[in-house]
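We count ligands from 1, going down the list as the structure has it; atoms in each ligand are counted the same way. The basis for the numbers below is simple: all heavy atoms, side chains too, and nothing from hydrogens, waters or symmetry mates. Just so it is clear, the structure is predicted and the values come from calculations on it, not from any experiment.
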Amino acid sequence: MNADGRTRLNQTPEWTALAKHREEFADTHLRDLFAADPGRGSGYTLQVGDLYVDYSKHLVTDETLRLLRELAAARDVFGLRDAMFRGEKINTTENRAVLHTALRAPREAVIEVDGENVVPAVHAVLDKMADFAERVRSGEWTGHTGRRIRNVVNVGIGGSDLGPAMAYEVLRAFTDRDLTVRFVSNVDGADLHEATRDLDPAETLFIIASKTFTTIETVTNATSARKWLLDALDGGTSRSSEAESGGTAAVAKHFVALSTNAEKVAEFGIDTANMFEFWDWVGGRYSYDSAIGLSLMIAIGPDRFREMLDGFHLVDEHFRTAPAESNVPLLLGLLGIWYGNFLGAQSHAVLPYSHYLSRFTAYLQQLDMESNGKYVGRDGREVDWQTGPVVWGTPGTNGQHAYYQLIHQGTKLIPADFIGFAEPVAELSDELKAQHDLLMANFFAQTQALAFGKTPDEVRAEGVPEELVAHKTFKGDHPTTTILARELTPSVLGQLVALYEHKVFVQGAVWDIDSFDQWGVELGKVLAKRVEPALTEGAEVAGLDASTTTLVAKYRELRGR
Ligand SMILES: O=P(O)(O)OC[C@H]1O[C@](O)(CO)[C@@H](O)[C@@H]1O
């Protein structure tokens, strides 16, 4: 029994039924499943918005799916979903509502937190962002010296970086190509250096993105960016000092903030009139469709940003209303539970066949792993079942020439999502568009090879010498989901991200963990602050272990300190 009186997940009859089903299922190959059901290729598919989702190449039968849905029902996944959409405080360890869905709700929607409708505030910020974005795009907003803004540098980390950075890459073909947009996240000074070395400060706008405005990496980079700017624009006068820089005209024209913390923003010296607000009910990793998306909105324009929000909303509504049998986020979440909890998979690969999605998996890593990488349940007790997988992957064809060997012939079960598009991006030349069929031929061929492999007899029939037959045999039976859309648009991006957000939600709900806190990242932050004086001043730091003490001494020696 959980401390909250609920039956432990792995003691429920639904869990036991799945474990038993798994035993019966042990020797079934994907080849058998397709042989037994000629309609599987079209039958095991769902459509949500523009996304065609093929789950036929999964190690599941109708019975498996029924049992998984029963598990979800027993854990009241839809009950928690409804509580989330209603604005209840389902992030219990932080006592917060979880309302990223309100960020893309239509103007007329009513969603209350503590009795207050939050939708008008969401749209007020979107309107303010749109106004600002248009002024930057049109050249009406100028820098301190009157020059047009040509460079936008977003300074943030984690959820305040990965979302806009990913989406900017995804939607590059929709961006204003005359604007340079860059993202700085790493506290390694090299990041800011490389992002700014060829930029003219007079034409550069810094967007300081931090929910808390206390994140050390972001505040450090923002402080250095301010110095870089003021040194150039003010000729390095004393106005660039911490005390006097607040409120300078140059900062006002070159720095804006995206945050929930007006006090800290003002303390940094940014006029709060140039702050774009969001709220504590938006988790960092769920925030790029909030003010955190300002850099993206400047790049693609407010209309396309709104198209993206509509895409999110479409999938929100699907998740909220579709029955369990056709609910795509529920299905994807449950498939992950089948592999992670019953078939021993430790990781999940996301393999986009689109160059533009090159940062998509990095974004999903935070979304999934910061949400569900937890061993403590909602009731405060340690769970004794597997939770979130390691999420990894890069664009598909590159991966084929790197790590696909292990997926095909290694010893690990790695379920994978293949994401592809029927149309190449419109602005490509005809010659480059012609390459698209080859890209997609790889896309389809890989999931086929992973599922069905190649038997020893098929290898022999090709005349392969006997001593190489085993090496050239592919067992197959590797599960994949195929997600196919006609083209990559802002709306489709919103649909994809919402799909994964809700998939992660489903899994956290079944595993009985709070997917919306992130206590696990706190320890490292605290320790870094403690260790720093040891590096800089050689200060004695209490509580350092023997290994770290030696490493710090070595570091100081190498730096000649
Ligand atoms: O936006 P902030 O407050 O600077 O936080 C950045 C990131 O830091 C974390 O708290 C931890 O990495 C993330 O959850 C968050 O996205």
Side-chain angles (χ1 to χ4, degrees), residues 90-100 103 125 129 153-168 183-188 191-192 206-226 255-268 270 272 275-296 359-374 376 388 390-391 497 500-501 504-505 508 513-529:
I90 63 164
N91 175 359
T92 46
T93 69
E94 295 181 310
N95 192 31
R96 288 178 180 168
V98 175
L99 268 184
H100 41 278
L103 298 170
V125 173
M129 289 165 65
V153 180
N154 186 85
V155 179
I157 197 164
S160 299
D161 164 72
L162 287 162
M166 171 278 290
Y168 174 71
F183 296 86
V184 171
S185 54
N186 199 330
V187 75
D188 183 342
D191 198 358
L192 185 63
F206 286 97
I207 298 181
I208 312 302
S210 178
K211 180 176 169 181
T212 54
F213 230 78
T214 56
T215 304
I216 188 85
E217 292 88 343
T218 300
V219 174
T220 305
N221 275 325
T223 306
S224 298
R226 186 178 59 192
F255 280 80
V256 299
L258 320 174
S259 189
T260 58
N261 192 342
E263 204 183 313
K264 288 279 173 200
V265 168
E267 222 172 82
F268 180 83
I270 296 177
T272 47
M275 167 177 154
F276 298 83
E277 188 196 7
F278 61 114
W279 307 272
D280 73 357
W281 41 263
V282 183
R285 54 194 173 273
Y286 297 87
S287 69
Y288 97 79
D289 46 349
S290 71
I292 290 295
L294 183 64
S295 53
L296 176 69
R359 302 220 52 204
F360 191 62
T361 310
Y363 168 77
L364 292 184
Q365 284 179 326
Q366 189 199 14
L367 175 66
D368 199 322
M369 294 163 78
E370 199 167 84
S371 295
N372 285 342
K374 318 232 162 112
V376 177
V390 175
V391 177
V497 173
Y500 279 97
E501 284 177 349
V504 166
F505 175 92
I513 52 179
D514 184 340
S515 299
F516 303 100
D517 59 16
Q518 57 284 317
W519 300 108
V521 293
E522 296 303 322
L523 178 64
K525 290 187 192 174
V526 175
L527 288 184
K529 278 189 193 155

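Between Glu522 and ligand 1, not a single N/O pair is under 3.5 Å apart. Residue Thr218 has no N or O atom closer than 3.5 Å to an N or O atom of ligand 1. Of the polar atoms of Gly159, at least one N or O is found under 3.5 Å from an N or O of ligand 1, judged by distance alone.
No option in Glu370, Gln366, Glu501 other than Glu370 meets the side-chain hydrogen bond (donor to acceptor under 3.5 Å, both in side chains) test with Arg285.
Of all atoms in ligand 1, numbered sequentially from 1 with element shown, those under 4.0 Å from a heavy atom of Ile157 are 6 (C), 7 (C). Against a heavy-atom cut-off of under 4.0 Å, Ser160 is close to the following atoms of ligand 1: 1 (O), 2 (P). Of all atoms in ligand 1, numbered sequentially from 1 with element shown, those under 4.0 Å from a heavy atom of Ser210 are 1 (O), 2 (P), 3 (O), 4 (O).
Nearest non-hydrogen protein atom to atom 3 (O) of ligand 1 is Thr212 OG1, 2.6 Å. Counting protein heavy atoms only, atom 5 (O) of ligand 1 is closest to Thr215 OG1, 3.4 Å. For atom 8 (O) of ligand 1, the nearest protein heavy atom (residue, atom name, distance) is Lys525 NZ, 4.2 Å.
No donor-acceptor pair under 3.5 Å is formed between the side chain of Ser515 and the backbone N or O of Phe505. Looking only at distances, a side-chain donor or acceptor of Asp514 sits under 3.5 Å from a matching main-chain atom of Thr92. Proximity of a side-chain donor or acceptor of Asn91 to a complementary backbone N or O of Phe516 within less than 3.5 Å is detected. At distances below 3.5 Å, not a single donor-acceptor pair connects side-chain atoms of Glu217 with backbone N or O atoms of Asn186.
Proximity of Val256 to Phe276: side-chain heavy atoms (C-beta onward) are separated by under 4.5 Å at one or more points.
Heavy-atom contacts from other residues, nucleotides or ligands closer than 6.0 Å to CD of Glu263 number 12 or fewer.
Residue contacts with ligand 1 include Gln366, since one of its heavy atoms falls under 4.0 Å from the ligand.
Looking at Gln518, Glu370, Lys211 and measuring to atom 13 (C) of ligand 1, the nearest heavy atom belongs to Glu370.
With a heavy-atom cut-off of 4.0 Å, Val521 touches ligand 1 through its side chain alone.
In this structure, the ring of Phe360 has its center less than 6.0 angstrom from the ring center of Tyr500.
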